[in-house]
Q: 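Pasting a structure here, questions to come.
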Amino acid sequence: MNGTPAMVMPTAVQIRRPPAVPPVALRAPAPAPARRPDAEEGGLPYPYVAETSLRGNRWSVPNEFAGVDPHDPLFLPKQIALMRGVAPSALETFFKPMLRTSMPDPSSLADMDAATARIAEAVRRGETVGLLGDYDVDGATSTAIMLRWLGSAGHDKAVYYIPDRIREGYGPNPGAVDAIAEAGATLLLVLDSGTLAHGPIAHARARGMDVVVVDHHEPSRTLPLPDAILVNPKRPDDASGQTNLCTAGLAFLLAVSLNRLLRAEGYFDQAGIAPPDPMDLLGLAALGTVADVVPLTGLNRAIVVQGLPKLDRNPGIRALVEETGEGEFTPRTAGFVFGPCINAAGRIDDTRLGTLLLASDDPGETRDLARHLREINAQRQAMQKEMVEAAVARALSAEFADDPVIVIEDRAWHPGIVGLVAARVREATDKPAVVVGEFGKGSCRSVDGFDMGTAIIRAREQGILIAGGGHRMAAGLTIEAGRLEELRRFVCGAAFDFERPPTEVDVVAEAGTASVEAIAPLEALAPYGAGNQQPAVAVVGGIARRVRILKERHLKLMLEGPSGSTEAILFNAVGTRLGDALAASEGLPVDVLGRMAVDEFNAQARVQIKIDDAMIARSS
């Protein structure tokens, strides 16, 4: 890419440029026995010590699958993959994900050919292309993908605009459209928003711009599609089956499609330039995919597996590596190190800095940006801690005990952090959460079984909200002062009869039998993320021993069984229903559900289960 892309300045926003046990212990869950001997009198039709967990969940007992050779080194992970819905014919692709076997023909997406043709026309004619992105990581990566593709294709007439989160809110707005039009753009490319932006898109059309939208958010059930070329696999007439892609993944497919068309037309030969290498963009697509928490299955899995090792091709990421000292490129670092730094400015500072970091090739600029973003992220973490403590305390109060959805507001809370707070409220209460902050800007996080995005869209359509939209697990909104109780009644009514699906158990291990060698094959299921979580292991048949509190916050106990003991830990346990119950469980039969990990202490490796949920038998 040549030089730094031009930014269109948001109105009235000043940018601040940053000057042991044999490995045979684990097994797939067997069908439920008629009763469990140590259950309460009469037995229960579950292989656990209770019918429901302390979190109010039922633990599933999946059927076993035939067809996997029991001597296969990947027998257990293959069984788990089958139980999770991977077709037997797709096992090889699942365990060896590759783009060439996972990627569809981009033309299978509705309007992809039209979007490709219009952008290619702009490149051939030398038109100014205006990109309007979003302020989260998916928005930054998808915008950077297209900016870098345009630059590599020899097209230097591109400007971009990222709306200010607080002053402008999510998605296109007339002011942003005007700024892009006044920069000379004749083509507006909207990324990671726009599906519901009928008014701003009509305004762009009135200003003489053609509009291409690349988005993955839910369309309205009542409104028509906008007057634009719309690439969105969730539109009702799209038959591609790629509804799990985030916008960064869609932007990557668009870049591949553009390469194919312009190469076929001989454009690159005529211009005397080498075609852009899509592999240079795949790392950004992987980062956006992880950070947007879309299911890591199918094409997304291939993007992450093959893309994360290529993240170091991006100069901005290399600068973040130098700044953070984190040199591994994994789902963990993408989601918890690089992603939050890129997101930080979009939350509490200038929204364009993350995109600029990923789009710039200037070493000095990327170095300064990386340092500034790390500092902003530290500020964000401090603000978040204070807000989370206040929000969780309110959410756990008696006022909300009977509400199926937690809806809380504090107009002093920074609107750029309410989404992170909503996620913590959901974790603390096991309920969907809506958290509203300053200017009525709110964020929502859901649980399995409740479609938050649809509920928020319906609330907007009924006039309760000024704006709102999203998808099943997350949404955003803007609400007028004084209408929170109306929203609370609406979403609680929408969630009144929703049913949470049973918690899927992937592996059952008797207490004291799991070893480092036994859990090692499970890593073949990685990378983990939405849609492909780390295997959920139920440790059963144990008695709670040596229960103790660590650092006044965490809880550790040993689950003792006939074959030995398994160490279990629950972080941030004190003051929670689950933690307090486990703290009083000494001597009782306890089953726990969680994620196995290898803990190394004093140069010794041992298996530890990090608790997500638990069941405790009642004392006699």
Side-chain angles (χ1 to χ4, degrees), residues 1-8 99 103 105-107 109 111-133 139-161 180 183-192 209-214 229 231 247-288 303 307 310-311 313-317 355-362 365-366:
M1 184 174 179
N2 298 319
T4 298
M7 294 184 291
V8 178
L99 283 176
M103 194 169 74
D105 185 335
S107 296
L109 279 79
D111 268 8
M112 178 62 84
D113 286 346
T116 302
R118 183 60 187 92
I119 297 171
E121 179 183 18
V123 170
R124 289 192 302 268
R125 293 182 174 181
E127 298 177 56
T128 297
V129 180
L131 286 73
L132 199 161
T141 51
S142 54
T143 304
I145 285 171
M146 294 313 302
L147 286 169
R148 299 193 74 86
W149 183 89
L150 288 166
S152 296
H155 188 78
D156 59 1
K157 293 184 177 180
V159 297
Y160 76 94
Y161 187 108
I180 292 172
T186 52
L187 173 62
L188 173 63
L189 175 55
V190 183
L191 296 155
D192 201 29
M209 287 189 287
D210 291 333
V211 182
V212 172
V213 174
V214 181
I229 297 171
V231 178
T247 307
L250 293 169
F252 178 77
L253 288 182
L254 177 57
V256 171
S257 182
L258 283 162
N259 265 27
R260 181 173 65 182
L261 177 61
L262 290 175
R263 191 194 299 268
E265 293 179 347
Y267 169 80
F268 298 116
D269 290 338
Q270 295 168 14
I273 60 175
D277 184 357
M279 293 299 103
D280 290 340
L281 307 173
L282 189 60
L284 293 178
L287 176 59
I303 288 173
K310 296 177 175 60
L311 259 180
R313 295 191 184 187
N314 184 272
I317 295 296
T355 299
L356 180 57
L357 175 75
L358 300 178
S360 176
D361 284 332
D362 183 292
E365 185 170 51
T366 55

Q: Is it true that R124 and E121 have a side-chain N and a carboxylate O under 4.0 angstrom from each other?
A: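 Answer for the salt bridge query: no.
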
Q: How far apart are the closest heavy atoms of D361 and P315, and which atoms are they?
A: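 Looking at all heavy atoms of both residues, the shortest contact is OD1-CG, 3.4 Å.
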
Q: If every non-hydrogen atom of A251 is compared with every non-hydrogen atom of V214, which pair is closest and at what distance?
A: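 Between these two residues, the closest heavy atoms are N-CG1, 4.4 Å.
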
Q: Using modelled atom types and a 3.5 Å cut-off, is there a donor and acceptor pairing between side-chain atoms of H155 and backbone atoms of A120?
A: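 Not a single qualifying donor-acceptor pair exists.
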
Q: Side-chain contact, heavy-atom cut-off 4.5 Å: F252 with T247?
A: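 No, too far: nothing below the 4.5 Å cut-off.
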
Q: Nearest 0.5 Å, what's the CG-OG1 distance between L262 and T116?
A: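 It is 9.0 Å, given to the nearest 0.5 Å.
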
Q: Do L287 and I317 have side chains that approach each other closer than 4.5 Å (heavy atoms only, starting at C-beta)?
A: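 Contact flag for L287/I317 side chains = yes.
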
Q: Of the non-hydrogen atoms in F268 and A153, which two are nearest, and what is the gap between them?
A: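 Scanning both residues, the minimum pair turns out to be CE2-CB, 4.2 Å.
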
Q: Testing the basics here: between A248 and G288, what is the closest heavy-atom pair and its distance to 0.1 Å?
A: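 The answer is CB-CA, 4.1 Å.
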
Q: Check whether any side-chain heavy atom of L357 sits under 4.5 Å from a side-chain heavy atom of N314, and report yes or no.
A: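 They are not in side-chain contact.
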
Q: Using 0.5 Å steps for rounding, measure from the OG1 atom of T355 to the CG atom of L131.
A: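 The distance works out to 9.5 Å.
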
Q: Is it the case that more than 12 heavy atoms not belonging to K310 sit under 6.0 Å from its NZ atom?
A: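 Correct, the count exceeds 12.
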
Q: Using a 4.5 Å cut-off on heavy atoms from C-beta on, say whether the side chain of L99 contacts that of M279.
A: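 Yes, close enough: below the 4.5 Å cut-off.
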
Q: Ignoring hydrogens and geometry, is there a side-chain-to-backbone donor-acceptor pair from S257 to L253 under 3.5 Å?
A: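 Pair absent, no side-chain N/O of S257 close to backbone of L253.
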
Q: Would you name the heavy atoms of S152 and I273 that are closest together and state the gap between them?
A: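 Between these two residues, the closest heavy atoms are O-CD1, 4.1 Å.
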
Q: Give a yes or no answer on whether the side chain of N259 reaches the backbone of P276 with a donor-acceptor pair at less than 3.5 Å.
A: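 Yes; at least one donor-acceptor contact below 3.5 Å.
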
Q: Could you check whether any side-chain N or O of R148 sits under 3.5 Å from a backbone N or O of L358, counting only pairs where one atom can act as donor and the other as acceptor?
A: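 Confirmed, R148 side chain pairs with L358 backbone.
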
Q: Would D105 and R260 pass as an ion pair if we require N to O under 4.0 Å?
A: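 Yes, D105 and R260 are salt-bridged.
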
Q: With heavy-atom distances below 4.5 Å as the criterion, would you say the side chains of L132 and L191 are in contact?
A: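 Sidechains of L191 and L132: no contact.
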
Q: Taking all non-hydrogen atoms of both residues into account, name the closest pair between A285 and I303 and its distance.
A: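 In this case the closest contact between A285 and I303 is C-CG2, 3.8 Å.
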
Q: State, with a plain yes or no, whether a side-chain heavy atom of V123 is found less than 4.5 Å away from one of W149.
A: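 Side-chain contact under 4.5 Å: yes.
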
Q: Side chain to side chain contact (heavy atoms under 4.5 Å, CB included) for L250 and L109? Distances and angles first, verdict last.
A: CA-CA 9 Å; L250 293 169; L109 279 79; 3.4 Å; yes

Q: State whether the side chain of D362 and the backbone N or O of E365 hold a donor-acceptor pair below 3.5 Å, judged by distance alone.
A: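 Yes; judged by distance alone, with no hydrogens or angles, the pair exists.
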
Q: Is the shortest heavy-atom distance from the side chain of T128 to the side chain of T186 under 4.5 Å?
A: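 No - every pair of side-chain heavy atoms lies 4.5 Å or more apart.
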
Q: Just how far is it from atom OG1 of T143 to atom CG of L284, taken to the nearest 0.5 Å?
A: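 CG of L284 is found 10.5 Å from OG1 of T143.
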
Q: With the side chain counted from C-beta on, respond yes when L258 and R263 share a heavy-atom pair under 4.5 Å apart, and no when they do not.
A: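 No, their side chains stay 4.5 Å or more apart.
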
Q: Looking at G139, is its backbone amide N or carbonyl O close enough to the side chain of S142 to form a donor-acceptor pair, meaning the two atoms are under 3.5 Å apart?
A: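 The answer is yes, because a donor-acceptor pair under 3.5 Å joins these two groups.
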
Q: Does D277 pair with R313 as a salt bridge, N-O distance under 4.0 Å?
A: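 Salt bridge present between D277 and R313.
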
Q: Report the distance from atom OH of Y160 to atom CE of M146, rounding to the nearest 0.5 Å.
A: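 Y160 OH to M146 CE: 15.5 Å, rounded to 0.5 Å.
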
Q: For R118, which of V211, L187, D113 qualifies under side chain to side chain contact (heavy atoms under 4.5 Å, CB included)?
A: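 When V211, L187, D113 are each tested with R118, the side chain to side chain contact (heavy atoms under 4.5 Å, CB included) holds only for L187.
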
Q: Side chain to side chain contact (heavy atoms under 4.5 Å, CB included) with I119: which of V129, I229, L261, L254?
A: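 Of the listed residues V129, I229, L261, L254, the side chain to side chain contact (heavy atoms under 4.5 Å, CB included) partner of I119 is L254.
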
